[in-house]
Amino acid sequence: EERKYYVYTNHDNNNNNNYDDNDDLLQVVNAPTPANRFIERQVEMLLQEDSVITILDTFIKMELHKEENYSLCDAFKNTNICKNIISVIETQDQTDEVVRKACGFITRLTCKDKEFFTNQLATSDSIQAITDQMKIFLENEELQVHVCEAISSISCADFEENSIMEIFKNDTLKVISDVMKKYPENVDIQ
């Protein structure tokens with residue numbers, strides 16, 4: 001249900017507040033709810049190095065992958081979540097914990113979404129950013145599981161006929177292949 005917010009405008013300098021239905025002293029505007037403003041602020045805080053782990057933990061605890069929480073994803077739709085989560089992953093000298101949690105959140109956010117977030121991530125540099133981190137943390141099997149789950153979720157996007165090959169370039173596919181070869185017994189990576 002969409003909320004309506006009322007904004008009073010002052011059209012005369014005499015402070016005459018008498019108006020009828022034809023006056024436009026009262027305008028209905030769409031404004032974010034306090035919860036949406038809270039999410040918007042949290043999404044922006046992702047870019048602050050000192051709060052990124054706390055924010056990712058908060059988002060992960062929202063359990064967006066659970067059916068009863070699917071509607072919470074809507075609060076992220078008017079934010080820069082996809083852009084900011086990729087910026088977090090792309091940050092040089094990023095810790096394995098941040099990359100693991102960021103990929104875990106991507107998986108939860110895109111779990112039941114095959115259009116909005118998934119397509120935004122698929123058409124950004126997300127796959128390249130994620131596979132760059134796969135190379136850096138090749139020895140971290142737990143991180144590789146989260147990264148592969150995120151890539152799997154993003155790959156479910158509604159791709160144009162040839163665009164999937166533009167996203168999964170040769171060097172990207174080689175990194176994924178190298179990780180799969182390194183951990184052949186791990187079914188979550190395969």
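We're numbering straight along the sequence, starting at 1. None of these values were measured; they are calculated from a predicted model.
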Enquirer: Which heavy-atom pair separates E149 from T107 by the least distance, and what is that distance?
Expert: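 Looking at all heavy atoms of both residues, the closest pair is C-OG1, 3.5 Å.
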Enquirer: If you look at every heavy atom in L46 and V88, which pair is closest and at what distance?
Expert: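 For L46 versus V88, the nearest heavy atoms are O-CG2, 3.4 Å.
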Enquirer: Is I151 close to T131 at the side-chain level, that is, under 4.5 Å between some pair of heavy atoms?
Expert: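 Yes, at least one pair of side-chain atoms sits under 4.5 Å.
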Enquirer: Are the side chains of V52 and T91 in touch, meaning some heavy atoms are under 4.5 Å apart?
Expert: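 Result no, sub-4.5 Å side-chain heavy-atom pair not found.
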Enquirer: Decide yes or no on side chain to side chain contact (heavy atoms under 4.5 Å, CB included) for I130 and I106, but give the supporting numbers first.
Expert: CA-CA 11 Å; I130 291 170; I106 287 172; 4.3 Å; yes
Enquirer: Between the main-chain N or O of C148 and the side-chain N or O of S152, is there a donor-acceptor pair closer than 3.5 Å?
Expert: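 Here the side-chain-to-backbone pair does not exist.
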Enquirer: Is there a donor-acceptor contact under 3.5 Å from the side chain of T123 to the main chain of N119?
Expert: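 Indeed, once roles are kept as given, a pair shorter than 3.5 Å links the two residues.
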Enquirer: Is there a side chain to side chain contact (heavy atoms under 4.5 Å, CB included) between Q48 and I55? Walk through the geometry before answering.
Expert: CA-CA 10 Å; Q48 299 172 6; I55 300 299; over 6 Å; no
Enquirer: Report yes or no: does D188 contribute a side-chain atom to a donor-acceptor pair with the main-chain N or O of V145 at less than 3.5 Å?
Expert: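 Judged by distance alone, no pair lies under 3.5 Å.
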Enquirer: Say you draw a straight line from CG of L173 to CE of M180; how long is it, rounded to the nearest 0.5 Å?
Expert: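 L173 atom CG to M180 atom CE measures 10.5 Å (nearest 0.5 Å).
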Enquirer: Going by the salt bridge (Lys or Arg N to Asp or Glu O under 4.0 Å) test, which pairs reach into residues 117-132, not counting sequence neighbours?
Expert: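 For residues 117-132: D132-K135.
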Enquirer: Mind running side chain to side chain contact (heavy atoms under 4.5 Å, CB included) on Q128 and D171 for me, showing each step along the way?
Expert: CA-CA 9 Å; Q128 186 65 52; D171 60 330; 3.7 Å; yes
Enquirer: If only atom types and distance count, is the side chain of Q190 paired as donor or acceptor with the main-chain N or O of E185 below 3.5 Å?
Expert: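 Checked: no pair found.
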Enquirer: Restricting to non-hydrogen atoms, name the atom on V147 and the atom on C103 that form the minimum distance, rounded to 0.1 Å.
Expert: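 The pair with the smallest heavy-atom distance is CG2-SG, 3.8 Å.
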Enquirer: Check salt bridge (charged side-chain N to carboxylate O under 4.0 Å, His left out) between E63 and all other residues, then give those that pass, not counting sequence neighbours.
Expert: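 Checked E63 against salt bridge (charged side-chain N to carboxylate O under 4.0 Å, His left out); matches are K66.
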Enquirer: Could you measure the distance from the NE2 atom of H65 to the CG atom of D113? Nearest 0.5 Å is fine.
Expert: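 It comes to 15.5 Å.
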Enquirer: Test of understanding: with side-chain contact (heavy atoms from CB on, under 4.5 Å), list the residues that count as partners of K112, not counting sequence neighbours.
Expert: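 Checked K112 against side-chain contact (heavy atoms from CB on, under 4.5 Å); matches are Y70.
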Enquirer: Are the side chain of S153 and the backbone N or O of T110 linked by a donor-acceptor pair below 3.5 Å?
Expert: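 Absent.
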Enquirer: So how far is it from F137 CZ to D96 CG, rounded to the nearest 0.5 Å?
Expert: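 Rounded to the nearest 0.5 Å, the CZ-CG separation comes out at 5.0 Å.
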Enquirer: Answer yes when E139 and K182 have at least one side-chain N-carboxylate O distance shorter than 4.0 Å, and no when they do not.
Expert: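 Counted as a salt bridge, because a side-chain N and a carboxylate O are separated by less than 4.0 Å.
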Enquirer: Which pairs with one or both residues in residues 83-93 pass salt bridge (Lys or Arg N to Asp or Glu O under 4.0 Å), sequence neighbours excluded?
Expert: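 Every candidate salt bridge (Lys or Arg N to Asp or Glu O under 4.0 Å) pair involving residues 83-93 fails, so no pair, neighbours aside, qualifies.
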Enquirer: Residues in salt bridge (charged side-chain N to carboxylate O under 4.0 Å, His left out) with R100, at least two apart?
Expert: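 Partners of R100 under the salt bridge (charged side-chain N to carboxylate O under 4.0 Å, His left out) test: E142.
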Enquirer: Give me the atom names and distance for the closest heavy-atom approach of M62 to F76.
Expert: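 Closest approach of M62 to F76: SD-CZ, 3.9 Å.
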Enquirer: About how many Å separate CD of Q133 and CD of Q144, when rounded to the nearest 0.5 Å?
Expert: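 It is 10.0 Å, given to the nearest 0.5 Å.
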Enquirer: Could you check I89 against Q94 for side chain to side chain contact (heavy atoms under 4.5 Å, CB included), going step by step and ending with a plain yes or no?
Expert: CA-CA 7 Å; I89 292 171; Q94 196 56 273; over 6 Å; no
Enquirer: Can you name the side-chain hydrogen bond (donor to acceptor under 3.5 Å, both in side chains) partners of D57, sequence neighbours left out?
Expert: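 Scan of D57 (side-chain hydrogen bond (donor to acceptor under 3.5 Å, both in side chains), adjacent residues dropped) gives K101.
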Enquirer: Under a 4.0 Å threshold between the charged nitrogen and the carboxylate oxygen, would K77 count as salt-bridged to D74?
Expert: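 Salt bridge: yes.
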Enquirer: How close do L64 and F105 get, counting heavy atoms only, and between which atoms?
Expert: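 In this case the closest contact between L64 and F105 is CD1-CE1, 3.6 Å.
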Enquirer: Using 0.5 Å steps for rounding, measure from the CD1 atom of I127 to the CG atom of L121.
Expert: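 The CG atom of L121 is 8.0 Å from CD1 of I127, to the nearest 0.5 Å.
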Enquirer: Give a yes or no on whether E67 atom CD has more than 12 heavy-atom contacts from other residues, nucleotides or ligands under 6.0 Å away.
Expert: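 Check fails, neighbour count at 12 or below.
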Enquirer: Quick one: pull up CD1 in I39 and CD1 in I81 and give me the separation to the nearest 0.5 Å.
Expert: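 Output value for this atom pair is 8.5 Å.
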Enquirer: I need the minimum non-hydrogen distance between V98 and I53, along with the two atoms involved.
Expert: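 That would be CG2-CG1, 3.6 Å.
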Enquirer: Sub-3.5 Å donor-acceptor pair from the side chain of S51 to the main-chain atoms of T54, do we have one?
Expert: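 Not confirmed, S51 side chain does not pair with T54 backbone.
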